There are 2 protein chains.
Amino acid sequence: MSRAPVTDPGQAPLSDSAASDTERALAHAAEHCEAHGARFTAARRRVLAILLAQQGQPLTAYQLLDLLREQQPGAQPPTVYRALDFLMRNELVHRIESTNSYLPCNHQHCGHHHPEGEHWPQFLLCDRCGETREVPLDNALRQALTRQARDYGFEVGARPLELHGLCPGCRAEHE
Amino acid sequence: MSRAPVTDPGQAPLSDSAASDTERALAHAAEHCEAHGARFTAARRRVLAILLAQQGQPLTAYQLLDLLREQQPGAQPPTVYRALDFLMRNELVHRIESTNSYLPCNHQHCGHHHPEGEHWPQFLLCDRCGETREVPLDNALRQALTRQARDYGFEVGARPLELHGLCPGCRAEHE
DNA sequence: GGTGGATATGTTATAACATATCAATAGTGG
DNA sequence: CCACTATTGATATGTTATAACATATCCACC
């Protein structure tokens, strides 16, 4: 697959609002970890910060590694994968299976009320520009999916759904 | 990931009904290719036959390669991947993204009427035993998914949905 | 029946994605 | 401070998939 160019937070400084969004997300992550007795170390923070700088464009582990090496030249694949594992266990990052890439969790949805159980994310992926948007899976839809699976005897859980297509911008260009 | 043991059609002969299901599917595939001017060669047939022998357990490309080598000792990764590409292009095999594995298409659903457009498959995957079942995605559900994506400005297409959970048998054992 | 273009396969190498292992170090509770 | 555990460093390897180029086969046409 073709992927969008990456943003290096070190050499291409973000706009003020993007930077403060990142700071807010990092602060939120730190609190979240603290609350769960998990250590939000410098390595983990760096990895999350890089992902946050991409503005909706997921990175592959090795793209992330290249960026991380600018701050930490000795970084190796396990450095990245360990940080990603940690961040995923703590619901700060999602893995996008269909593109082998990683995206920071969108915590806008965390406050939403999900009477049917845990958060069940859904990703809308643009096949043209790579933009990947996390949106909440509608309750009616989640119930319908669960019910349909149960009709076949399966008990399904809240793994993210990945829907591919064109984002608004690319739809317009594509006319 | 743990995966179920593979079935080698050569050394563990199938029951009569399974064998005839396989033969029927192969004959159907041959016709389908003929009708589309695509060549259903021996290599492609062998790969599809191996997948059909697995009875709902998808295989990874390299598991497939190992089995293929029993019939064709010189087979290499591209041998398998080319056959898989062909079979996928001709809608005879699906790739399961969440497990990097391959499953023959279930042609039971082909006759169904899909007023909303092309076939949009859905897979129910058992995380315990690996059983993977292809079922049709309900029209109401597909409309709801399409509509919800459109609310966010995305135009999504018919990529398969992969829902993970427990199959009926494993639910029972799991009590 | 030869020839040439298209399609398919063989063969080697490598890219891309991910984990195992073990030693060194840093943080934490007693 | 000590022992314990989590984390990181470093090296190697496993797994999944494709690039690149040579050769073989098919088939339409002359």
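Order of the sequence lines sets the chain letters (A, B, ...), proteins ahead of strands, with each chain counted from 1. Quick caveat: nothing in here was measured; it's all calculated off a predicted structure.
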Which whole-number value in Å describes the distance from A:L65 CG to C:dA15 P? 16 Å
Tell me if the aromatic rings of A:H94 and A:Y102 count as close, with their centers under 6.0 Å from one another. no
Please set out all donor-acceptor pairs under 3.5 angstrom arising from side-chain atoms of residues 146-154 of chain A, sequence neighbours excluded.
residue, atom, partner, partner atom, Å
A:T146, OG1, A:R142, O, 2.7
A:Q148, NE2, B:P136, O, 3.1
A:R150, NH1, A:E155, OE1, 3.4
A:R150, NH2, A:E155, OE1, 3.4
A:R150, NH2, A:E155, OE2, 3.1

Results of salt bridge (Lys or Arg N to Asp or Glu O under 4.0 Å) for A:E97 - residues two or more places apart only: A:R159
Can you check whether A:Q72 has a side-chain N or O nearer than 4.0 Å to OP1 or OP2 of D:dG9? yes
Taken to the nearest whole Å, CG/A:L84 to C1'/C:dA16 is 15 Å
Enumerate donor-acceptor pairs with a distance under 3.5 Å from any side-chain N or O in residues 79-93 of chain B to protein atoms, sequence neighbours excluded.
residue, atom, partner, partner atom, Å
B:T79, OG1, B:Q76, N, 3.0
B:T79, OG1, B:Q76, O, 3.0
B:N90, ND2, B:F86, O, 2.8

Separation of D:dA17 atom P from B:L64 atom CG, nearest Å, is 11 Å
Side-chain N or O of B:Q76 versus OP1/OP2 of C:dT9: is the shortest distance under 4.0 Å? no
How does protein contact run along nucleotides 18-24 of chain C, one letter per nucleotide 5' to 3', with B for base contact, S for sugar-phosphate only, - for none, heavy atoms under 4.0 Å? BBBB---
By side chain to side chain donor-acceptor pair (under 3.5 Å), B:H32 pairs with (sequence neighbours left out) none
Provide, to the nearest angstrom, the distance between the CZ atom belonging to A:R45 and the P atom belonging to D:dT7. 18 Å
Working for side chain to side chain contact (heavy atoms under 4.5 Å, CB included), residues B:E173 and B:L166: CA-CA 10 Å; B:E173 285 180 39; B:L166 291 179; over 6 Å; no
Spacing between B:R69 atom CZ and C:dT11 atom C1', to the nearest angstrom: 12 Å
Separation of D:dG9 P from A:Q71 CD (nearest whole Å): 13 Å
Taking CD1 from B:I96 and P from D:dT16, how many angstroms apart are they, rounded to a whole number? 15 Å
Summary of salt bridge (Lys or Arg N to Asp or Glu O under 4.0 Å) pairs that have at least one residue in residues 49-61 of chain B, sequence neighbours excluded: none
Check nucleotides 5-8 of chain C for protein N or O atoms closer than 3.5 Å to its own N or O atoms and list the pairs.
residue, atom, partner, partner atom, Å
C:dA8, OP1, B:R44, NH1, 3.1
C:dA8, O5', B:R44, NH2, 3.4

Could you tell me the separation between the CZ atom of B:F40 and the C1' atom of D:dT25, rounded to a whole number of Å? 18 Å
Enumerate the residue pairs fulfilling salt bridge (Lys or Arg N to Asp or Glu O under 4.0 Å) with a member in residues 41-62 of chain A, sequence neighbours excluded, ordered by first and then second residue. A:E23-A:R45
Holding to salt bridge (Lys or Arg N to Asp or Glu O under 4.0 Å), I want the full list of residues that pass it with A:R39, two or more places apart in sequence or in another chain. none
